[in-house]
Amino acid sequence: MRFRHKCGVMYITEKVLYQIERKYGVPQILRTAYTMDKRSFELLEWSMRHGRAHDVTPFIFDGDNIAVIRKPSYPPGVFRPPSGGIEPGEDFEDGVHREAFEETGLKILLRQYLLKVLVNFSYEDTEVFWTSHVFTAQAVGGNLQPVDTKEIADARWASFEELKTHLLLSLQNAKAPGLRYRGELQAAVIKKLAGRMGHEN
């Protein structure tokens, strides 16, 4: 197995993560791995072309509802919480706010750093490493409508019940490994949030 680690430019430093953890809490760390098909791996490598190897995924709440997005390439009915990358040299919180606004049209406040998910994606004899930083967030303004309409086809509010039933199943049953990974991430968040929202697992 060849391990591909793109050095490139620095996106998120350990110092920045330390500061984020002090402000938003120390996340639970999860580890997972997925074998990719050729097309999915090529898309992943394209997103890593400048050395990026992360995403930040905010679960944006408005009451008990959560903002979910749909990309043009997704199968019908597949929605998930938004995610995006911090740019090199960009303030972490500014980057999350920018990505959330581009994908949902919402202004947000970060609430809690829930999960740091370390994932190995592999195809044939090559493996790459990726990290998802997962937060809860509160919608504080804007209208739920994608700004970046090239990347995001639709956005809507979903109930917590939807998030843990048919929206979760649509990710878990997807052919694309990247969507199944999103399903695993979503299931982990649901497990952490279910008790505090008064829902049973």
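Note that the numbering runs from 1 along the sequence shown for the chain. Heavy atoms only: backbone and side chains are in, while hydrogens, waters and symmetry mates are out. Please read these numbers as outputs of a predicted model, since none were measured by experiment.
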Verdict with reasoning, Gln19 to Phe92, per side chain to side chain contact (heavy atoms under 4.5 Å, CB included): CA-CA 10 Å; Gln19 293 169 342; Phe92 187 97; over 6 Å; no
task: Kindly indicate, with the supporting measurements, whether the criterion side chain to side chain contact (heavy atoms under 4.5 Å, CB included) is fulfilled by Tyr24 and Leu114.
output: CA-CA 9 Å; Tyr24 297 107; Leu114 281 184; over 6 Å; no
- request: Take Arg31 and Val119 through the test side chain to side chain contact (heavy atoms under 4.5 Å, CB included) and record every step on the way to the result.
  value: CA-CA 6 Å; Arg31 290 177 172 83; Val119 56; over 6 Å; no
- request: Please lay out, stage by stage, how Asp64 and Phe160 fare under the test side chain to side chain contact (heavy atoms under 4.5 Å, CB included).
  value: CA-CA 6 Å; Asp64 284 344; Phe160 190 78; 5.5 Å; no
message: Assess the residue pair Arg98 and Glu90 against the criterion (salt bridge (Lys or Arg N to Asp or Glu O under 4.0 Å)); give the C-alpha distance rounded to whole Å, side-chain angles, the decisive distance to 0.1 Å, and a yes or no.
response: CA-CA 10 Å; Arg98 173 186 53 76; Glu90 185 176 34; 2.8 Å; yes
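In this structure, the separation between CG on Leu110 and CD1 on Ile20 is 7.5 Å, given to the nearest 0.5 Å. Atom CG of residue Leu106 and atom CZ of residue Phe101 lie 9.0 Å apart, to the nearest 0.5 angstrom. Glu87 CD to Ile12 CD1: the interatomic distance, rounded to the nearest 0.5 Å, is 11.0 Å. The CG atom of Leu163 lies 12.0 Å from the CH2 atom of Trp157; values are rounded to the nearest 0.5 Å. To the nearest 0.5 angstrom, Ile60 atom CD1 is 12.5 Å from Asn65 atom CG. Atoms CZ and CH2, from Arg52 and Trp46 in turn, are 9.5 Å apart once rounded to the nearest 0.5 Å.
When ring centroids are compared, Phe129 and Phe121 stay outside the 6.0 Å threshold.
When all heavy atoms are compared, the tightest approach of Gly178 to Met36 is N-CE, 4.4 Å. Summarising the geometry of Glu103 relative to Ala155, their closest heavy-atom pair is O-CB, 4.2 Å, with the distance given to 0.1 Å. Of all the heavy atoms in Leu171 and Gly183, the pair that sits closest is CB-CA, 3.7 Å. Between Lys164 and Ile190, the closest heavy-atom pair is CA-CD1, 3.4 Å. Taking all atoms of both residues into account, the shortest heavy-atom contact from Ser170 to Gly77 is OG-O, 4.1 Å. Minimum interatomic distance between His54 and Trp130 (heavy atoms only, all atoms of both residues): O-CZ2, 3.0 Å.
At most 12 non-hydrogen atoms from other residues, nucleotides or ligands lie less than 6.0 angstrom from NZ of Lys107.
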Which atom pairs, one a donor and one an acceptor, fall under 3.5 Å between side chains of residues 140-148 and the rest of the protein, sequence neighbours left out?
| residue | atom | partner | partner atom | Å |
| --- | --- | --- | --- | --- |
| Asp148 | OD1 | Lys150 | N | 3.3 |
| Asp148 | OD1 | Glu151 | N | 3.3 |

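Looking only at side-chain heavy atoms (C-beta outward), Glu99 and Pro82 stay at 4.5 Å or farther from each other. Counting heavy atoms from C-beta outward, Lys71 and Arg80 have side chains that approach closer than 4.5 Å. Looking at Ser40 and Leu43, their side chains never come closer than 4.5 Å, going by heavy atoms from C-beta outward. Within the 4.5 Å cutoff, no side-chain heavy atoms of Tyr123 are placed close to those of Glu42. Annotation: side chain of Thr136 is in contact with side chain of Gln112 (closest heavy-atom distance under 4.5 Å).
Note on Glu93 versus Lys23: salt bridge recorded, some NZ/NE/NH1/NH2 to OD/OE distance being below 4.0 Å.
For Arg182 and Thr57, the side-chain atoms include at least one donor-acceptor pair closer than 3.5 Å. Under the 3.5 Å distance criterion, with hydrogens and angles disregarded, a donor-acceptor pair is assigned to the side chains of Glu184 and Thr32. A donor and an acceptor atom, one from each side chain of Ser132 and Tyr181, are located under 3.5 Å apart. Using a 3.5 Å distance cut-off with no hydrogens or angles, the side chains of Lys116 and Gln28 do not pair a donor with an acceptor.
When atom types are taken as modelled, the side chain of Ser83 and the backbone of Asp55 share no donor-acceptor pair closer than 3.5 angstrom. For Glu21 (side chain) and Tyr18 (main-chain N/O), no donor-acceptor pair under 3.5 Å exists by modelled atom type. The backbone N or O of Lys175 sits less than 3.5 Å from a side-chain atom of Arg180, completing a donor-acceptor pair.
Tracing side-chain contacts under 4.5 Å through hydrophobic residues (I, L, V, M, F, W, Y), one reaches Leu44 starting from Leu185; they form part of the same cluster. Hydrophobic cluster membership differs between Val134 and Leu179, with clusters built from Ile, Leu, Val, Met, Phe, Trp and Tyr side chains linked at under 4.5 angstrom. Each of Val96 and Ile69 belongs to its own hydrophobic cluster when Ile, Leu, Val, Met, Phe, Trp and Tyr are linked at side-chain heavy-atom distances under 4.5 angstrom. Taking hydrophobic clusters as Ile, Leu, Val, Met, Phe, Trp and Tyr residues chained together by side-chain heavy-atom distances below 4.5 Å, Tyr34 shares a cluster with Val128. Both Leu115 and Ile66 are assigned to one and the same hydrophobic cluster, defined by single-linkage of ILVMFWY side chains at heavy-atom distances under 4.5 Å.
Residues satisfying the side-chain contact (heavy atoms from CB on, under 4.5 Å) test with Ala33, not counting sequence neighbours, are Asn120.
Aromatic ring orientation, Tyr113 versus Phe135: parallel (interplanar angle below 30°, classes split at 30° and 60°).
Geometrically, Arg156 engages Phe79 in a cation-pi contact, judged by NZ or CZ lying under 6.0 Å from the ring centre and within 45° of the ring axis.
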